[in-house]
Amino acid sequence: MARAWRYFDASALADRLADSAHAFEESSAAEGAGHAPMPPVGNPEPALTLAGGPDALAQTGGDSYAVIVNVAVNAWMAGHIHGEDGRTGCDGSRGPAGHAWEARMRTITEMQPDIAKWFGREVWTRAVNDTGYTVTRR
């Protein structure tokens, strides 16, 4: 095995990986794709998703898999909605409301003015405990 390492060129491998990543980025940009958008700090949509976790836990009888799937799907959808805001080709895909991401965030905040509280670990943990469940490590 030690003899095989003399044929390994770490620099060449690094160059090939960098070239591959660069080619992928260029081809993605040409197709109109890019990096997934990260929501702004304090975005009410992730807070809304977090807020639904304890309720989902109670509704599913403590099925953590169902809760994680629910959070993952909601997070994916929120990223998709944020990412398509103002993009050509997506026009009309959400009905008359269109792609008014800012309006969506404003609506969430108006409906739940204290939604940002869900970014607090203590608030979320207390809500989980209020459902009768808790997360413990064995």
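These values consider heavy atoms only, across backbone and side chains, with no hydrogens, waters or symmetry-generated copies.
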Glu122 and Thr125: CA distance, side-chain angles, deciding distance, side chain to side chain contact (heavy atoms under 4.5 Å, CB included) verdict: CA-CA 5 Å; Glu122 319 76 44; Thr125 302; 5.8 Å; no
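- When atom types are taken as modelled, the side chain of Ser20 and the backbone of Arg16 share no donor-acceptor pair closer than 3.5 angstrom.
- Formation of a donor-acceptor pair under 3.5 Å by the Thr131 side chain with backbone atoms of Val128 is found in this model.
- To the nearest 0.5 angstrom, Met111 atom CE is 8.0 Å from Thr107 atom OG1.
- Atom OG1 in Thr109 sits 8.0 Å away from atom CD1 in Ile115 (nearest 0.5 Å).
- The side chain to side chain donor-acceptor pair (under 3.5 Å) contacts involving residues 61-75 comprise Asn70-Asn74, where partners must be two or more places apart or lie in separate chains.
- In this structure, CG in Leu57 is found 12.0 Å from CG in Asp130, a value given to the nearest 0.5 Å.
- Contact record, Ala127 with Pro54: CB-CG, 3.7 Å, taken as the closest heavy-atom pair.
- Residues Asn43 and Met105 share a closest heavy-atom pair of OD1-SD, 3.3 Å.
- For the atom pair Thr49 OG1 and Trp118 CH2, the distance stands at 12.0 Å (nearest 0.5 Å).
- For the pair Phe119 and Leu50, the tightest heavy-atom approach, listed with the atom from each and the gap, is CD2-CD1, 3.9 Å.
- Other residues sharing the hydrophobic cluster of Ile68, ordered by chain and number and joined by side-chain separations under 4.5 Å: none, the residue standing alone.
- Summarising the geometry of Gly53 relative to Val67, their closest heavy-atom pair is O-CG1, 4.0 Å, with the distance given to 0.1 Å.
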